[in-house]
Amino acid sequence: MQLDTARVVLVHPKTSVNVGAVCRAMKTMGLTNLAVVGAQEELIEREIRAVAIHASDVYDSAQFFDTLGEALSDCSLSVAVSRRIGQRRNKLRLSPRELPEYVEARGDTRVALVFGSEEHGLTNEEVAACSTMVTIPSSPEFPSLNLSHAVQIVTYEIFAHRISSDTGHEEHTEWRVEPIGKVRELVSTVWTTLNELGVYRNTDGSESARFFHDIFVRAGLRESEIDYLKRIFEKIRFMGQ
């Protein structure tokens, strides 16, 4: 993930102080691309600058959008940062530490990190507009993080991963491929095989397909491994006929 193209998107932030703190959190981790969904007039610039201090330039170059869709229009991957779960939030759910590896495996360069308002977080519709999700582990007794703290944690993991890659402390280039299209083919093969074997007699198997997709993507499979798994399930399918 390129630090200069990773975009932090704040959806209707409630306080100017938090926006200033977000600017500071971003700049300490090498990110400067900020987008805000909502009217600029609702924010108090003086309060933002008082907190941002030497990171005020992040706010100066920020882009403002009326809708989340507009803010994500030129991004190849959008990541909803949310702790809440539900039937309409059953996307691939990553931890902040898993996110950089996932992005590199996909090959995305322009990534949007989407954070909801301090009061309610992201709505189901806003989560649905994003490609995947990140959840920050926290104490069940007090799970809610301040907006700027959440931004700091996610951007730190991106920065730390970039530094370790640049210095050669991690060598994963042998297995980093673009697996998403091939994973879909593998999931289709697995689903077809299980369906023909009668596994999905009382369901269409869509939940199972999503489960396999999330597991295979998270595993970071090499292309050869995906092909090998496909051949196994094709043989199982043939033997069941």
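Along the sequence shown, residues carry numbers from 1.
Connection of Phe65 to Leu113 is not established within any shared hydrophobic cluster, with ILVMFWY side chains joined at heavy-atom distances below 4.5 Å, either directly or through further cluster members. Follow the hydrophobic side-chain contacts under 4.5 Å out from Ile53 and you never reach Val17; the two are in separate clusters. Hydrophobic clustering, with ILVMFWY side chains joined whenever heavy atoms are under 4.5 angstrom apart, keeps Leu34 apart from Ile44.
The closest side-chain heavy-atom distance from Ser188 to Thr192 is below 4.5 Å. Put simply, the side chain of Thr32 does not reach to within 4.5 Å of the side chain of Met26, judged on heavy atoms. Side chains of Val190 and Thr193 form no contact here, defined as non-hydrogen atoms less than 4.5 Å apart. Contact annotation: the side chain of Val37 never approaches that of Glu70 to less than 4.5 Å [non-hydrogen atoms, C-beta and beyond]. In this structure the side chain of Val79 reaches within 4.5 angstrom of the side chain of Leu99, judged on heavy atoms. Taking 4.5 Å as the limit, every side-chain heavy atom of Glu118 sits out of range of all side-chain heavy atoms of Asn146.
Side chain of Glu98 to backbone of Leu94: no donor-acceptor contact under 3.5 angstrom is found. A side-chain donor-acceptor contact under 3.5 Å links Ser78 to the backbone of Ser131. Judged by distance alone, the side chain of Ser76 and the main-chain N or O of Arg110 form a donor-acceptor pair under 3.5 Å. For Ser148 (side chain) and Val22 (main-chain N/O), no donor-acceptor pair under 3.5 Å exists by modelled atom type. No donor-acceptor distance shorter than 3.5 angstrom exists from the side chain of Gln63 to the backbone of Ala71, with no hydrogens or angles considered. At least one donor-acceptor pair closer than 3.5 Å links the side chain of Lys27 to the backbone N or O of His54. Judged by distance alone, with hydrogens and angles left aside, the side-chain atoms of Thr203 form no donor-acceptor pair with the main-chain N or O of Tyr200 at under 3.5 Å.
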- Message: Run the side chain to side chain contact (heavy atoms under 4.5 Å, CB included) test on Leu197 and Ile236 for me, step by step, so that the C-alpha distance in whole Å, both residues' side-chain angles and the decisive distance to 0.1 Å come before the verdict.
- Response: CA-CA 9 Å; Leu197 292 175; Ile236 293 174; 3.9 Å; yes

- Could you walk me through whether Glu126 and Val114 pass the side chain to side chain contact (heavy atoms under 4.5 Å, CB included) test, one step at a time? CA-CA 9 Å; Glu126 289 161 352; Val114 184; 5.9 Å; no

- Message: Go through it in stages, so that I can follow the logic: the residues are Val11 and Phe115, the test is side chain to side chain contact (heavy atoms under 4.5 Å, CB included), and I'd like the CA-CA distance, side-chain angles, deciding distance and then a yes or no.
- Response: CA-CA 6 Å; Val11 182; Phe115 298 83; over 6 Å; no

- Applying side chain to side chain donor-acceptor pair (under 3.5 Å), run through Arg93 and Thr135 and close with a yes or a no. CA-CA 7 Å; Arg93 191 176 290 266; Thr135 297; 2.7 Å; yes

- Message: Please evaluate residues Ile136 and Arg83 with respect to the criterion side chain to side chain contact (heavy atoms under 4.5 Å, CB included), reporting the C-alpha separation (whole Å), side-chain torsions for both, the decisive distance (0.1 Å), and the verdict.
- Response: CA-CA 7 Å; Ile136 302 172; Arg83 66 179 177 83; over 6 Å; no

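With salt bridges taken as basic N to acidic carboxylate O contacts below 4.0 Å, one links Arg97 and Glu157. Using a cut-off of 4.0 Å between Lys/Arg side-chain N and Asp/Glu carboxylate O, Arg49 and Asp60 are scored as salt-bridged.
Asp227 contributes atom CG, which lies 11.5 Å from atom CD1 of Ile232 (distance to the nearest 0.5 angstrom). Here Ser56 contributes atom OG and Arg24 contributes atom CZ; the two are 10.0 Å apart, rounded to the nearest 0.5 Å. If you take OG on Ser82 and CE on Met133, they are separated by 4.0 Å, rounding to the nearest 0.5 Å. Atom OG1 of Thr28 sits about 8.5 Å away from atom CZ of Phe159, to the nearest 0.5 Å. Taking CD1 from Ile153 and CD1 from Ile158, the interatomic distance works out to 12.5 Å, rounded to the nearest 0.5 Å. Interatomic distance, OG1 of Thr189 versus CZ of Arg237, reported as 7.5 Å (0.5 Å rounding).
Taking every heavy atom of both residues into account, Val51 and Gly20 meet most closely at CG1-C, 3.8 Å. Across all their heavy atoms, Arg7 and Cys75 have their closest contact at NH1-SG, 3.7 Å. Contact record, Cys130 with Leu72: SG-CD1, 4.4 Å, taken as the closest heavy-atom pair. In plain terms, the two heavy atoms of Val9 and Ala112 that are nearest each other are CG2-CB, 4.1 Å. Listed here is the closest heavy atom pair of Trp191 and Ala209: CD1-CB, 4.3 Å. When every heavy atom of Leu145 is checked against every heavy atom of Ser138, the shortest pair comes out as CD1-CB, 3.8 Å.
Using cut-offs of 30° and 60° for the angle between ring planes, the Phe64 and Tyr59 rings count as perpendicular.
There is a side-chain donor-acceptor pair under 3.5 Å between His161 and Glu104.
Within 6.0 Å of OH in Tyr156 there are 12 or fewer heavy atoms belonging to other residues, nucleotides or ligands.
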